[in-house]
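Lettering of chains follows the sequences in order, A, B, ..., and the numbering in each one begins at 1. Predicted model, so just to flag it, every value in this text is computed and none were measured.
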Amino acid sequence: MTLQPDNNQDKILAGLTDAQQQAVTHIDGPLLILAGPGSGKTRVVTHRIAYMIQRGVPDYQIAALTFTNKAADEMRGRLQRLAPSSRVWTGTFHRFCSRLLRQHASLVGLHENFSIYDTDDSSRLLKEAIRDASVDLVRETSGRIASAISSAKNKLVTPEDYKPAPGNPVGAMVARVYPHYQKRLLLANAVDFDDLLLHTALLLRNNAELRRGLDQRFCYLMVDEYQDTNFAQYTIVRALSINYPNLAVTGDPDQSIYGWRGASIRNILDFEKDFPRVRVVRLERNYRSTKCILRAADQLIANNVQRKSKRLYTDNPEGQPVRLTAYRTGRAEADAIAARIANQIATGQRRPKDFAIFYRTNAFSRSLEFAMRHAGLPYQIVRGLEFYQRKEVKDILAYLHLVNNPSSDVALLRIINTPPRRIGKATLDRLRHHARHQGTSLLEAARQSGLIESLNKRSALFVAKFVTMYDTLSATVADSVEELVRRVLDQTGYRDWLQVQETEEAEQRLENIEELITDAREFDESLPEDGGLDAFLEQTALVADIDGWATEPDCVTMMTLHAAKGLEFPVVFIVAIEDNMLPHERSKDEAGKVEEERRLFFVGMTRAEQELHLSCVHERGFRGESRMTAPSQFLMELPRDEMEVTGQIGYGSDVDLDDELEDDFDWKAWEDDEPIFQVDAPPQSTGLPESSATGETSPKVGLGGVRTAADMMRDDVEEQPPCSPDTFRRGMAVLHPDYGLGHIVTLGGSGKRRVASVRFVSQPSTVTFNLAHSPLRPIKTGNTNQE
DNA sequence: TATTCGCAAGTTTTT
DNA sequence: CTTGCGAATA
């Protein structure tokens with residue numbers, strides 16, 4: 001290796017602490033970076049890669065594996081600045097495996113054009129497999145079988161090896177269904193998410209030469225969030241670090257929250273045993289949170305027994321005490337949070353993007369969403385409803401899947417009668433039967449529809465027509481994914497089908513499809529190294545919830561605690577910290593699960609930079625009815641004497657709930673139907689020193705020269721010139737002179753024909769605009785004069 | 001075969 | 001309160 005001049009190294013090492021430098025400068029041999037929350041882990045990892053390259057390590061020998069695309073993108077972006085145009089492979093575990101598998105598909109019985117089934121596709125296939133095995137579900141659900149198969153795969157247990165625990169009814173069913181399921185996947189030339197790992201692990205295990213070659217190819221391997229790896233992932237990583245054990249992993253056992261997905265905390269705890277000569281670096285200094293927040297989090301996590309103890313510290317200021325509030329109902333909780341956020345924005349202290357709200361389960365996004373709308377606050381939910389999961393989008397993608405991989409039965413079943421082609425259940429059953437008999441795919445069976453005796457002429461003809469349509473479609477040489485999508489839309493009759501419906505819903509669907517076309521075009525333009533239909537479909541299958549989240553729009557962000565990992569926000573709210581919610585009731589039967597819930601809470605708390613607000617309620621709406629709740633045991637583990645506690649937590653409090661809340665918020669203004677932004681008088685002070693807003697009406701300048709958000713918004717409407725259509729993003733908060741505040745639900749079209757449909761606070765349904773001619777503009781709140 | 005209606009069931013977290 | 005699934009109709 002050639003040594004570079006020292007001043008370049010200085011640049012990379014500048015500003016790093018001793019511990020960080022130790023990690024960065026360690027190149028050869030195993031390395032374990034134990035990184036507490038907010039300890040600058042990503043910085044260390046990217047600087048280390050840059051350092052390695054500078055020291056002469058060939059960039060193509062380095063691969064960095066993450067769990068989400070977002071994390072990978074972040075790493076790639078930062079690396080780009082440190083080591084421009086380096087060819088380090090960064091991506092998710094699943095994408096990494098997908099790439100390897102495409103190159104060596106034949107070794108595991110697949111073709112290189114295999115399809116990746118998402119959860120929905122997989123569960124459809126599983127239902128077919130359950131039919132094959134003629135298993136009667138009785139009291140079990142297919143979902144439980146699915147998760148049993150998934151966990152078997154994560155442990156690298158194949159159908160042949162699967163042995164159910166004796167006396168376990170689910171296990172017995174799995175033993176019968178699993179082989180059929182796997183056979184069908186192979187027959188369809190498809191894999192599920194777990195297969196990506198399973199096949200890769202077995203590939204490496206069974207092909208010594210290949211393993212050796214890949215070990216060398218990925219000589220320097222890095223794995224992020226190592227505490228969340230499962231056995232399959234662990235096997236893959238180990239297999240690639242035998243001859244070249246230059247494996248660097250980062251992680252934090254206290255942030256292990258994916259045990260339910262097969263992740264084993266042992267992988268990180270045993271790392272030092274697996275690699276005896278490992279270098280261990282601890283990053284314990286926190287650069288993110290205030291002392292108050294860190295102390296609370298630290299005290300909570302100290303209650304975990306299965307834990308390497310570790311001290312977190314920070315030189316950050318003390319900050320405000322962590323707040324804990326008990327509300328009467330979930331509605332009150334959501335409204336109070338919205339009010340507090342609106343208040344801080346109205347007084348110019350913060351912008352919407354400074355706030356995040358976390359919850360244990362997705363169901364909570366509804367009530368919070370409602371409260372945000374009521375307050376006129378721009379917000380963004382991290383993928384409650386997946387874009388690629390929408391029916392119309394999945395339909396179009398299914399056509400693409402079938403073009404790419406004609407054996408994909410799930411894709412065929414999805415679209416053979418969508419739009420309606422007079423091919424019904426009876427016909428499908430006969431096709432199924434025929435296909436199974438001949439051992440072929442459904443498309444092949446459909447091709448032979450004329451030969452199927454049980455099928456009458458009429459039905460056979462309709463099927464034949466479908467096959468002809470399909471052949472025409474797949475015969476066209478499309479030179480871009482975008483073009484292919486457009487052809488699908490035209491040639492399958494899908495567009496016409498939606499257009500003649502002339503309903504609001506159908507129109508919405510067309511807009512979503514337009515959005516998909518935009519996606520396809522962006523994909524075409526980005527021209528990734530291995531561009532093509534395969535790659536596009538892979539991309540759509542392997543998106544995580546968090547991947548869709550963008551920092552640009554100035555919105556309050558809401559997401560699950562799981563999705564929050566790796567992020568940070570100035571102000572964090574965590575809601576519903578109640579018994580059976582956090583810890584979740586389903587986590588109470590197993591011993592270690594409650595500790596995992598505690599870690600989850602810990603992760604949430606440590607996302608906060610300046611303010612942390614925790615809350616629980618006394619009664620919670622559940623499946624229509626309302627239920628009494630008990631506070632979470634975790635609340636008893638916090639240092640409550642140094643926190644600001646409001647309302648009754650459990651039975652021991654002497655604070656009167658209602659009085660306290662009256663002091664906190666201007667409930668009169670709040671009860672008003674007007675969004676709080678538009679109320680002339682800003683809400684009452686929260687009692688914090690810096691929020692000294694009064695009830696004074698001030699169009700331009702508020703008290704102390706602070707312009708309120710309402711002022712800014714007025715300015716935005718009246719003073720700004722029209723803006724370019726491509727400044728708009730999905731989910732962006734916008735303002736319209738007549739309709740007021742809203743956010744973009746979908747975008748479609750391009751150039752002068754780019755349209756956006758917007759959901760306004762004031763309107764019951766969405767409104768669509770042509771962006772080139774609309775007075776719509778992105779909202780800018782917060783005080784731009786400061787900073 | 002397509003559509004509509006009614007009932008039942010179910011909700012943790014996700015690549 | 002939603003979503004999905006099945007049966008009854010047109």
*Asks:* Tell me whether A:Arg421 forms a cation-pi arrangement with A:Phe466, defined as NZ or CZ under 6.0 Å from the six-membered ring centre and within 45 degrees of its axis.
*Replies:*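 Output no; distance or angle outside limits.
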*Asks:* Tell me: CD1 of A:Ile423 to P of B:dA2, nearest whole Å?
*Replies:*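 That distance rounds to 9 Å.
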*Asks:* Nearest whole angstrom, please: distance from the C1' of B:dT14 to the CZ of A:Phe93.
*Replies:*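 One finds 16 Å between C1' of B:dT14 and CZ of A:Phe93, rounded.
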*Asks:* When the P atoms of C:dG4 and B:dT13 are considered, how many whole Å apart are they?
*Replies:*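 Nearest-Å result for C:dG4 against B:dT13 at atom P: 15 Å.
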*Asks:* Would you mind reading off the distance between A:Asp192 atom CG and B:dT14 atom P, rounded to a whole angstrom?
*Replies:*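 These atoms are roughly 18 Å apart.
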*Asks:* Name the nucleic acid region contacted by A:Ala426, choosing base, sugar-phosphate or nothing; use a 4.0 angstrom heavy-atom cut-off, strictly under.
*Replies:*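 Counting heavy atoms under 4.0 Å across all strands, the contact made by A:Ala426 is with sugar-phosphate only.
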*Asks:* Strictly below 4.0 Å: does A:Thr560 bring a side-chain N or O up to OP1 or OP2 of B:dT14?
*Replies:*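 Checking A:Thr560 against B:dT14: at least one side-chain N or O falls below 4.0 Å of OP1 or OP2.
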*Asks:* Using a 4.0 Å heavy-atom cut-off, does A:Phe193 contact any base of the nucleic acid, only the sugar-phosphate backbone, or nothing at all?
*Replies:*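 Base contact.
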*Asks:* To the nearest Å, give me how far apart CH2 (A:Trp497) and C1' (B:dT3) are.
*Replies:*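 It is 12 Å, rounded to the nearest whole Å.
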*Asks:* Charged N to carboxylate O under 4.0 angstrom, A:Arg599 versus A:Asp252?
*Replies:*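 Salt bridge between A:Arg599 and A:Asp252, a charged N being under 4.0 Å from a carboxylate O: no.
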*Asks:* Which pairs, protein N/O on one side and nucleotides 7-12 of chain B N/O on the other, fall under 3.5 Å?
*Replies:*
| unit_1 | atom_1 | unit_2 | atom_2 | d |
| --- | --- | --- | --- | --- |
| B:dT12 | OP2 | A:Arg586 | NH1 | 3.4 |
| B:dT12 | OP2 | A:Arg586 | NH2 | 3.4 |
| B:dT12 | O2 | A:Arg360 | NH1 | 2.8 |
| B:dT12 | O2 | A:Arg360 | NH2 | 2.1 |

*Asks:* Mapping A:Leu197 and A:Pro420 onto DNA chain B by nearest heavy atom, which one lands closer to the 5' end?
*Replies:*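 Its nucleotide being nearer the 5' end, the pick is A:Pro420.
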*Asks:* OH of A:Tyr359 versus P of B:dT13: gap in Å, rounded?
*Replies:*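 Whole-Å distance recorded here is 10 Å.
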*Asks:* Under 4.0 Å between a Lys/Arg side-chain N and an Asp/Glu carboxylate O for A:Arg432 and A:Asp429?
*Replies:*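 A:Asp429 and A:Arg432: salt-bridged.
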*Asks:* Can you list every pair that meets salt bridge (Lys or Arg N to Asp or Glu O under 4.0 Å) and has a residue in residues 223-235 of chain A, with sequence neighbours left out?
*Replies:*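 For residues 223-235 of chain A, and leaving out neighbouring residues, the salt bridge (Lys or Arg N to Asp or Glu O under 4.0 Å) pairs sorted by first residue read A:Lys41-A:Asp224, A:Lys41-A:Glu225, A:Glu225-A:Lys565, A:Asp228-A:Lys565.
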*Asks:* Strictly by modelled atom types, are A:Ser115 and A:Asn405 linked by a side-chain donor-acceptor pair under 3.5 Å?
*Replies:*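 Present: a donor and an acceptor within the cut-off.
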*Asks:* Using 30° and 60° as the class boundaries, would you call the ring planes of A:Trp260 and A:His562 parallel, tilted or perpendicular?
*Replies:*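 Perpendicular, since the angle between the ring planes exceeds 60°.
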*Asks:* For A:Asn417, which contact category applies under a 4.0 Å heavy-atom criterion: base, sugar-phosphate, or nothing?
*Replies:*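 Sugar-phosphate, backbone atoms only, no base.
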*Asks:* Could you check whether the rings of A:Tyr494 and A:Tyr399 sit parallel, tilted or perpendicular, using 30° and 60° as the cut-offs?
*Replies:*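 Judged by the thresholds at 30° and 60°, the geometry between A:Tyr494 and A:Tyr399 is perpendicular.
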*Asks:* Answer yes if the side chains of A:Ser365 and A:Asn362 hold a donor-acceptor pair under 3.5 Å, and no otherwise.
*Replies:*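 No, no side-chain donor-acceptor pair sits under 3.5 Å.
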*Asks:* What is the separation between atom CD on A:Glu625 and atom P on C:dC1, rounded to the nearest whole Å?
*Replies:*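 Rounded to whole Å, this separation is 8 Å.
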*Asks:* Would you say the side chains of A:Asp254 and A:Asn304 form a donor-acceptor pair under 3.5 Å?
*Replies:*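 Absent: no donor and acceptor within the cut-off.
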*Asks:* What is the separation between atom NZ on A:Lys70 and atom P on B:dT14, rounded to the nearest whole Å?
*Replies:*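 Going from A:Lys70 (NZ) to B:dT14 (P), I get 15 Å.
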*Asks:* Restricting to nitrogen or oxygen on both sides, can you table the protein-nucleotides 5-10 of chain C pairs closer than 3.5 Å?
*Replies:*
| unit_1 | atom_1 | unit_2 | atom_2 | d |
| --- | --- | --- | --- | --- |
| C:dC5 | OP1 | A:Lys127 | NZ | 3.4 |

*Asks:* I need the CG-P distance between A:Asn69 and B:dT14, as an integer number of Å.
*Replies:*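 Whole-Å distance recorded here is 15 Å.
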*Asks:* Are the ring centres of A:Phe218 and A:Phe96 closer than 6.0 Å?
*Replies:*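 Centroid distance A:Phe218-A:Phe96: below 6.0 Å, so yes.
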*Asks:* Looking only at side-chain atoms of A:Arg366, point me to the closest of B:dT13, C:dT3, B:dT15.
*Replies:*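 Of B:dT13, C:dT3, B:dT15, C:dT3 is nearest to the side chain of A:Arg366.
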